[in-house]
Amino acid sequence: MSFENIIVETRNRVGLITLHRPQALNALNDALVDEVGKALDAFEADENIGAIVITGSAKAFAAGADIGAMAEFSYMDAYKGDYITRNWERVKTCRKPVIAAVAGYALGGGCELAMMCDMIIAADSAKFGQPEIKLGVLPGAGGTQRLPRAIGKAKAMDMCLTARMMNADEAERSGLVARVVPADRLLDEAMSVATTISGFSLPVVMMIKESVNRAFESSLNEGLLFERRVFHSAFALQDQKEGMAAFVAKRKADFRHL
Ligand code: CAA
């Protein structure tokens, strides 16, 4: 498969997608987001892939949706084309874990793309923001919904209403990012986390992702019930037998993803 706006690689059991529109700070146009979707399709179908990393450049993870592409949109262009959500949903629906490795700007749609991932690992150079208000619009790929869930109403309002950027330390303190590392170690750290995850039982990894995400969609009791049902189903896995046998035998588990 050949791509023009992303670079796709496989390292061990990890699929790596690098956003690559350097001339526009990885601004997210339809072509780029379609390509991300195709790469995710391929990684999801590949049983040798256990986790996925999406990254950008040292200067920008992504500086937002492509402003030039939408500047002249009419309401009907946006509405009929289901602009933004149409092809971005693929990131959300991926069943394997997706890690965003963010250096530099993650603004507007770039911040939203990172938040669609399951975990954000940030370089100390990362800057997060929802500056759409400066363009006379509002976040359109989940910013007003995922940001308050991640960092609370006060800071989400602050970011969306003032367009101020949040640096990596504040993002970590606020719960937006899982880890902050020196910029030159970002990809190594993200790949190492993804490699760790991809060494575990893939069905269990997928069950955990589904269960954690359920916490955002249900009451506590419904979420607990969902978790218990999924937990019970884990006893149907060969990997559960292997994981527990390995613990008892004091050896490393050899998961077969079954
Ligand atoms: N769309 C299209 N092109 C973009 C872009 C974007 N979001 N962000 C940057 N670029 C382009 C610039 O136009 C520039 O192109 P030229 O060299 O051809 O002029 C190139 O990338 C480099 O950018 P700058 O010269 O501006 O670089 P800088 O270092 O001076 O500033 C920046 C960096 C602060 C990120 C600045 O580029 C900026 O503010 N970008 C726009 C950020 C933004 O508003 N994002 C939200 C977009 S709307 C959205 O995302 C909606 C949604 O919710 C999905």
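First listed ligand is number 1; within each ligand, the first listed atom is number 1. By convention here, the first residue in the shown sequence is residue 1.
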Note: E9-R11 ion pair, threshold 4.0 Å (strictly below)
yes
I need the atoms of ligand 1 closer than 4.0 Å to a non-hydrogen atom of I84, numbered in the order shown.
54 (C)
Using heavy-atom distances only, which candidate in M70, Q23, M165 approaches atom 17 (O) of ligand 1 most closely?
Q23
Take atom 23 (O) of ligand 1 and look for protein heavy atoms under 4.0 Å from it; say yes if you find one, no if not.
yes
At a non-hydrogen distance cut-off of under 4.0 Å, which region of A63 contacts ligand 1 (side chain, backbone, both, or neither)?
both
Minimal heavy-atom distance between G243 and A253, with the atoms involved, is CA-CB, 4.1 Å
Below 4.0 Å, non-hydrogen atoms only: which portion of L135 touches ligand 1? Side chain, backbone, both or neither.
side chain
Should we say atom CZ of F247 is surrounded by more than 12 heavy atoms from elsewhere, each under 6.0 Å from it?
no
Look up atom 1 (N) of ligand 1 and tell me if a protein heavy atom lies less than 4.0 Å from it?
yes
Under the side chain to side chain contact (heavy atoms under 4.5 Å, CB included) test against L19, which residue among V36, N5, I7, V33 passes?
V36
Select the closest option to atom 37 (O) of ligand 1 among I67, L25, D66, judged by heavy-atom distance.
L25
Does ligand 1 have an atom under 4.0 Å from some heavy atom of K134?
no
Under 4.0 Å from any heavy atom of E132, which atoms of ligand 1 are there?
48 (S), 49 (C), 50 (O), 51 (C), 52 (C), 53 (O)
Under 4.0 Å from atom 53 (O) of ligand 1, do we find at least one protein heavy atom?
yes
Flag side-chain contact, heavy atom, 4.5 Å: I54 against C117
yes
Would you say atom 33 (C) of ligand 1 has a protein heavy atom nearer than 4.0 Å?
yes
Considering residues, nucleotides and ligands other than H20, do more than 12 of their heavy atoms fall under 6.0 Å from its NE2?
no
Atom 50 (O) of ligand 1 within contact range, any protein heavy atom under 4.0 Å:
yes
Number the atoms of ligand 1 from 1 as they appear, then name those within less than 4.0 Å of a heavy atom of P139, with their elements.
53 (O)
What protein heavy atom lies closest to atom 30 (O) of ligand 1? Include the residue and the distance to one decimal.
K59 NZ, 4.9 Å
Would you indicate whether the side-chain heavy atoms of I17 and L40 approach each other to under 4.5 Å?
yes
Determine whether more than 12 heavy atoms belonging to other residues, nucleotides or ligands lie under 6.0 Å from atom CZ of R90.
yes
For atom 39 (O) of ligand 1, which protein heavy atom lies nearest, and how many Å away is it?
L107 CD1, 4.7 Å
For atom 7 (N) of ligand 1, is there a protein heavy atom at a distance under 4.0 Å?
yes
Option with minimal heavy-atom separation from atom 11 (C) of ligand 1, where the choices are A24, G104, A141
A24
Tell me whether A27 has any N or O atom under 3.5 angstrom from an N or O of ligand 1.
no
Is the shortest side-chain heavy-atom distance between K59 and Y105 below 4.5 Å?
yes
Distance-minimising heavy-atom pair for A168 and A122
CB-CB, 4.4 Å
Can you tell whether the side chains of E170 and R164 come within less than 4.0 Å, N to carboxylate O?
yes
When you compare ligand 1 with Y105, is there at least one nitrogen or oxygen pair between them that comes in under 3.5 angstrom?
no
Test of understanding: given a 4.0 Å heavy-atom threshold, classify the contact between R21 and ligand 1 as side chain, backbone, both, or neither.
neither
Take a 6.0 Å sphere around CG of D254 and say whether it holds more than 12 heavy atoms from other residues, nucleotides or ligands.
yes
Surrounding CD of E227 (heavy atoms of other residues, nucleotides or ligands, distance under 6.0 Å), is the total greater than 12?
no
For ligand 1, is there an atom lying under 4.0 Å from some heavy atom of G140?
yes
Set of residues satisfying ring-ring contact (aromatic ring centres under 6.0 Å, His included) with respect to F226, sequence neighbours excluded:
none
Would you verify that at least one protein heavy atom lies under 4.0 Å from atom 44 (O) of ligand 1, or report that none does?
yes
For L28, which part has a heavy atom under 4.0 Å from ligand 1: side chain, backbone, both, or neither?
neither
Does Q130 reach ligand 1, in the sense of a heavy atom lying below 4.0 Å from it?
no
Do L113 and V91 have side chains that approach each other closer than 4.5 Å (heavy atoms only, starting at C-beta)?
yes
Ligand 1-proximal atoms of P131, by part, heavy-atom distance under 4.0 Å
side chain
Would you mind listing which atoms of ligand 1 come within a distance below 4.0 Å of any non-hydrogen atom of G108?
46 (C), 50 (O)
List every atom of ligand 1 that sits less than 4.0 Å from any heavy atom of E112, numbering the atoms from 1 in the order shown and giving each element.
52 (C), 53 (O), 54 (C)
Would you mind listing every side-chain hydrogen bond (donor to acceptor under 3.5 Å, both in side chains) that reaches into residues 230-242, with sequence neighbours excluded?
S201-D239, E242-R251
